[in-house]
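Below is one structure, written out as structure tokens; comments come after it.
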Amino acid sequence: MLDTVLFVAFPYVAVVLAIVVGVYRYFFDRYSFSSFSSQFLESRRLFWGSVPWHYGIVTILTIHLLAFLFPGAWGALTADPNRLYIIEVIGMAMALVAIVGIGLLLLRRSSDDRVRVVTTWADWALIAALFVQAILGFWVSFVYRWGSDWFLHTAVPWLYSLLIFQPKIEYVTALPAIVKWHHLWGFLIIALFPFTRLVHVLTFPITYLWRPIQVVIWNKGRPAQK
Amino acid sequence: MRTIKRSAVNNGQALEKAHLREHKKRAPAAGVKTSLLFWTMWLILPGIMILALAAFPSRAGAQDISEGEQLFTSKGCTACHTIGGGDLVGPDLAGVTTRTEKDWLSRWLKEPDKMLAEGDATATELFEKYNKVPMPNLGLTDSEVASLIAYFESLDSGGTTAPTSSAVTLPAGDADRGKAFFMGTTRFSKGGPACMACHSVAGIGALGGGNLGPDLTTSGYIVSETAFATFISAPITQTMSAVWKGTPLTEQEQADLYAFLSKASVAQREPSALTQIAMLSGGTAIVLIAFAQIWWRKRLAGVRRPMVERAHAKRGH
């Protein structure tokens, strides 16, 4: 009963919230689709937090997504123990990089007066939720090995069953508590997504990759060429 | 001179602090519309959950012997137990109602995991005796437990005859093939996952097998060919059952795995690879972060700062 609420109702509620509120916000509060950068207020610590966090989390999320979208190919990839070990070690290392990054961001946000003043309760909720999820993810991958392999046979069929509206929760409900927390916390973040600056994931400047080149010309004060 | 400078700095900081305080007081909460919406939606959320609860009413069935008999098979008790056919993974259940208290037995069927965690004496004794394979929580309702007990009681009093169970004979297995199946280098014909995804066993791979499921080196599930084949062809533990329902093992695959696992159980146990994994992943993370430090060491220099420095340098000379 509780399992049905947590692993069927809650994911649907979270996704519906994300879509409905996300669309509403896009049409009625469009200028809020932003990461509300605080780089102007503090840039050094931001750099050392933001860069590891984003490289780490984008890699990890891409791996989650690829394994979900192409379970066959992913299964073939992890079939060889040596490849499995390499993938797992890279995954855990990227998770640690992400944890260090978000940890620094959390520290910066709570210790810098200027940044703290522009921080809303939603920002606190989001950064704490992301920090917790990154820790849970590393914990799962480290303690309950080899997640890159069993993920395909537990979480993927469960998520797929939700996607085709024929929920099958028995794949995940008997997993260790930490694994279940990681699943549910993911949907909590999806539910938080439309209400926070996390919406900036949709504004990724992909066109940057093919924008025309920019030529920077120094008229004066250019260091003398040797 | 120094005093003046310090007080100027202090003034500047105080001014900024005051400014920040003022800003906080006056600034409207970012995205008022969105936060209003947030509260509305989070109030609706519990409503939807209650509706979801109502949509899945719990079934209350009459407790009777025939339901118990049916449950004994449908809940998969037969994966580990016989009635009068000898021990498999778990004990033979003939006479179970005469050798245990009814209250104990019904709680044991309902929440064996809790009783084991609490350190119940009989539960612990059974756990030790049956090769540390815990009785799984099958998620039975109170009425299902009562039906099962009614069924066991009728068997013990001779009212019903026990189902016949016979030893399983697997074809001749090949341990090397079994190892390849276990590690995933050879895939199972119906597409099931490699055992190594969740289980470890002595003598495989540099970093060992998985740790989601139990280590199979000396597993109680491998005590006999019959016990192994009965369990693996219809696993009762929930995750195993979900995973293997659509992708069962062939008899030959079961035989190969059994050959490998029964051999592995006498092999020398390898030390845990946990430290190695921690050092490898931690080391890689440190290298990546250090690499970023070196690669982007000039990243924060910006445009203004070097120009100012250059201007200062010029003036100095």
Side-chain angles (χ1 to χ4, degrees), chain A residues 1 4-5 8-10 13 17 21 24-25 28-29 32 36 43-44 47 51-52 55 75 78-82 84-85 88-90 92-97 100 113-114 117-118 120 122 142-147 149-150 152-154 157 168 170-176 179 194-195 221 223, chain B residues 16-17 20-21 23-24 27 29-31 33-35 37-38 41 45 48-49 52-53 56 58 136 183-185 187 192-194 196-198 200 204-212 237-239 241-243 274 277-278 280-285 287-289 292-293 296 299-300 307 310-311:
Chain A
M1 175 60 62
T4 310
V5 173
V8 181
F10 179 58
V13 169
L17 270 179
V21 181
Y24 173 89
R25 182 166 166 184
F28 293 94
D29 198 7
S32 74
F36 298 107
S43 63
R44 284 189 177 271
F47 181 77
V51 170
Y55 274 97
T78 56
D80 178 77
N82 292 322
L84 174 72
Y85 293 152
E88 286 282 345
V89 166
I90 292 174
M92 286 184 213
M94 288 317 259
L96 286 175
V97 168
V100 167
D113 283 345
R114 298 180 180 195
V117 98
V118 295
T120 64
F142 185 67
V143 176
Y144 301 108
R145 302 175 302 274
W146 302 109
D149 214 345
W150 56 250
L152 294 179
H153 305 281
T154 52
K168 288 196 184 108
E170 63 270 25
Y171 285 103
V172 286
T173 48
L175 293 177
V179 181
F195 303 103
Chain B
E16 182 177 320
K17 279 233 162 90
L20 290 177
R21 267 200 304 278
H23 176 80
K24 183 134 209 172
K33 274 183 200 161
T34 326
S35 84
L37 204 67
F38 184 92
M41 286 308 227
L45 196 131
I48 296 175
M49 290 219 171
L53 279 171
F56 294 91
S58 64
M183 298 185 70
T185 42
R187 306 317 300 252
M196 192 186 163
C198 305
S200 196
I204 59 153
L207 299 178
N211 197 36
L212 186 72
T237 49
Q238 196 189 317
T239 307
S241 158
V243 170
L274 215 58
I277 299 166
L280 274 172
S281 55
T284 313
V287 168
L288 285 172
I289 293 173
Q293 285 269 6
W296 286 306
R299 176 78 173 256
L300 289 174
M307 284 170 101
R310 266 202 309 277

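Excluded from the calculations below are hydrogen atoms, water molecules and symmetry mates; all remaining heavy atoms, backbone and side chain alike, are included. Every chain is numbered from 1, with letters handed out A, B, ... down the list of sequences. As the structure is a computational prediction, the values presented were derived from the model and not from experiment.
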Sort out for me which of [options] touches chain B most, counting heavy-atom pairs under 4.5 Å.
options                          : value
T154(A), L175(A), V51(A), T78(A) : L175(A)
D80(A), V179(A), D149(A)         : D149(A)
Y85(A), Y171(A), Y55(A)          : Y85(A)

Taking every heavy-atom pair that is under 4.5 Å apart, which of [options] has the most such pairs with chain A?
options                            : value
T284(B), L212(B), I289(B), I277(B) : L212(B)
P136(B), P193(B), G192(B)          : P193(B)
G283(B), A194(B), A278(B), G282(B) : A278(B)
M183(B), M196(B), Q293(B)          : Q293(B)

Open item on the list: Heavy-atom cut-off 4.5 Å, strictly under: side chain, backbone, both or neither for V89(A) against chain B?
Closed with: both
Task: Interface moiety of L84(A) toward chain B, non-hydrogen atoms closer than 4.5 Å - done: side chain
Task: Short side-chain to backbone donor-acceptor contact, N211(B) and V143(A), under 3.5 Å - done: yes
Open item on the list: Strictly distance-based, threshold 3.5 Å: is any side-chain N or O of E88(A) a donor or acceptor partner for the main-chain N or O of S281(B)?
Closed with: no
Task: Distance (rounded to the nearest 0.5 Å) between Y144(A) OH and W150(A) CH2 - done: 9.5 Å
Task: side-chain hydrogen bond (donor to acceptor under 3.5 Å, both in side chains) partners of T173(A), counting only residues at least two apart - done: Q238(B)
Open item on the list: Given heavy-atom pairs under 4.5 angstrom as the criterion, report whether the side chain, backbone, both or neither of L280(B) touches chain A.
Closed with: both
TODO: Any chance you could lay out the side chain to side chain contact (heavy atoms under 4.5 Å, CB included) test for S32(A) and R25(A), step after step, and finish with the verdict?
DONE: CA-CA 8 Å; S32(A) 74; R25(A) 182 166 166 184; 2.7 Å; yes
Task: Closest approach of A174(A) to T239(B) (non-hydrogen atoms, all atoms of both residues) - done: CB-OG1, 3.6 Å
Task: Contacts of R187(B) that satisfy salt bridge (Lys or Arg N to Asp or Glu O under 4.0 Å) - sequence neighbours left out - done: none
